[in-house]
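Letters A, B, ... mirror the listed sequences (proteins, then strands); counts begin at 1. Remember, predicted model here, so these are calculated numbers, not experimental data.
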Protein chains: 2
Amino acid sequence: MTAPRSRRSSRSRRAEHTADTRRALVRAARTLFAERGYTATGTEDIVAAAQVTRGALYHHFKDKADLFRAVMGECAQDMAERLVEQETARAESESGDAWTLLRHGFQSFLDACNDPDFQRIVLVEGPAVLGHSAWDALVEEHGYVLLAEELTRAIDEGSISPMPIGPLTRMLAALISEASLYIARAEDHETARKEAGEVLERLLTGLSRTDA
Amino acid sequence: MTAPRSRRSSRSRRAEHTADTRRALVRAARTLFAERGYTATGTEDIVAAAQVTRGALYHHFKDKADLFRAVMGECAQDMAERLVEQETARAESESGDAWTLLRHGFQSFLDACNDPDFQRIVLVEGPAVLGHSAWDALVEEHGYVLLAEELTRAIDEGSISPMPIGPLTRMLAALISEASLYIARAEDHETARKEAGEVLERLLTGLSRTDA
DNA sequence: TCCTGTTCCATACAGACTGTATGTTAGAAG
DNA sequence: CTTCTAACATACAGTCTGTATGGAACAGGA
């Protein structure tokens, strides 16, 4: 996709400029998709914001949905990076048993999902624009793996009781996603955050092995 | 909207025929939206299936999204009716404490969501086609009320510990919705249903007051 | 009964948008 | 210097949505 490049020529200005236009397109599309949604955003709007023409868009991407896929991939990637960053920071700063660590992890996960771009593009538009299969493949690749790893480790360590990881991962992700949307939409974000966190906390206690 | 009808003229053939075309449009749109999705379905396809012209469509509905809103409303209504039916049937057949009754209620709720039309139209396309506010208003009107009532009663009876009902309702609905989508998408529906049910069961135990 | 107004729907049209086909330029390769 | 190709820009065709126009059928009052 990014040019066959048979000989490696030390990152020419040419190739650099090409990557620039592509990035500009993705960035512009990301902003507009997040603001107005997929269908309400015309390709003309995107190329205008990126200061190129429609020819550039259709040279780099198969069609409009393909551009959206790139945008959503970037959003998911950003979220994943932010999560691992938080995760590592909390792992070395905080201390405690694995169970409380996991619970706090979910709470910060909830906070991380409080991002307009992510919510609109990945959670709302994504499933409708790309099919279910394509959307799931993207999320599987970027986001679910982290959550699944964390949960697997929690089971191995005995923090939570053994359960099928597949549905557990999806359902917890959906739970947190909905909670983040609820918070974002609420008039009073403060109390909404507190209440949603409380409900999440209660639901998670059901997973704990302490009451097995 | 359905004619001012100043004098009540005993449901003339005229009005009946009018209602017929409207129903035909909604039915045709429902089938096509569920099969191909919203954007992939042209208004020409809909009126062809309903055996009318586009003029009829734009006479009864403001625009394509308005037709979708009617379709989604019907889907939600069907789901709500099915739920209360199951609910009453189970309430008089089964017997047991309120807590197990509630748990079984959620399981049958999960089974009821296993419906292609409902999943595609209400859960996937809905949030993207209508905005968040319009979608939420529809679901609030048709579906959430039942769940919220049930949960409020459960709290009053002491089955589950007191919690903010707003986020609790949304999050549980999202949980079951995602579980139903997971089951529908799985290769082996049988085991997927069992596993998702198990995870749901575990999460719900966190709400129970018995461990408070 | 005749006239009038309104509902209901069909048809024709204008605008917008997507995707493709064609042309052009600048850099890389030999 | 020549040639080839990636990287665009431009022009065009097809499709779709929404609207405006027109007509037919029915209801109601004089």
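In this model, the phosphate group of C/dC9 is approached by a side-chain N or O of B/His17 to a distance below 4.0 Å at OP1 or OP2. Side-chain nitrogen and oxygen atoms of B/Thr21 include at least one within less than 4.0 Å of the OP1 or OP2 phosphate oxygen of C/dC9. Look at B/Thr53 and you won't find any side-chain N or O under 4.0 angstrom from OP1 or OP2 of C/dT11. For A/His60 and D/dA7, the shortest distance from a side-chain N or O to OP1 or OP2 is not below 4.0 Å.
In this structure, CD of B/Glu16 is placed 15 Å from C1' of D/dC26, rounded to the nearest angstrom. The distance from atom CG of B/Leu57 to atom C1' of C/dC8 is 14 Å, rounded to the nearest whole Å. Going from atom CG of A/Leu67 over to atom P of C/dT18 covers 11 Å, rounded to whole Å. Between A/His59 atom NE2 and C/dT18 atom P there is a gap of 20 Å when expressed in whole angstrom units.
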| field | Per-nucleotide protein contact string for nucleotides 11-22 of chain D (B base, S sugar-phosphate only, - none; heavy atom under 4.0 Å) | value | ------BBB---

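Distance check: B/Ile160 CD1 to B/Glu150 CD gives 10.0 Å after rounding to the nearest 0.5 Å.
Taking every heavy atom of both residues into account, B/His142 and B/Gly73 meet most closely at NE2-O, 3.9 Å. The shortest non-hydrogen separation linking A/Ala184 to A/His189 is O-NE2, 3.4 Å.
Between the A/Gln107 side chain and the A/Gly197 main chain, a donor and an acceptor come within less than 3.5 Å of each other.
By the side-chain contact (heavy atoms from CB on, under 4.5 Å) test, A/Thr152 is found to be paired with A/Asp156, A/Ile165, residues two or more places apart in sequence or in another chain being considered. Scanning for side-chain contact (heavy atoms from CB on, under 4.5 Å) contacts around A/Ala50 gives A/Ala24, A/Leu25, A/Ala28, A/Val52, with sequence neighbours left out.
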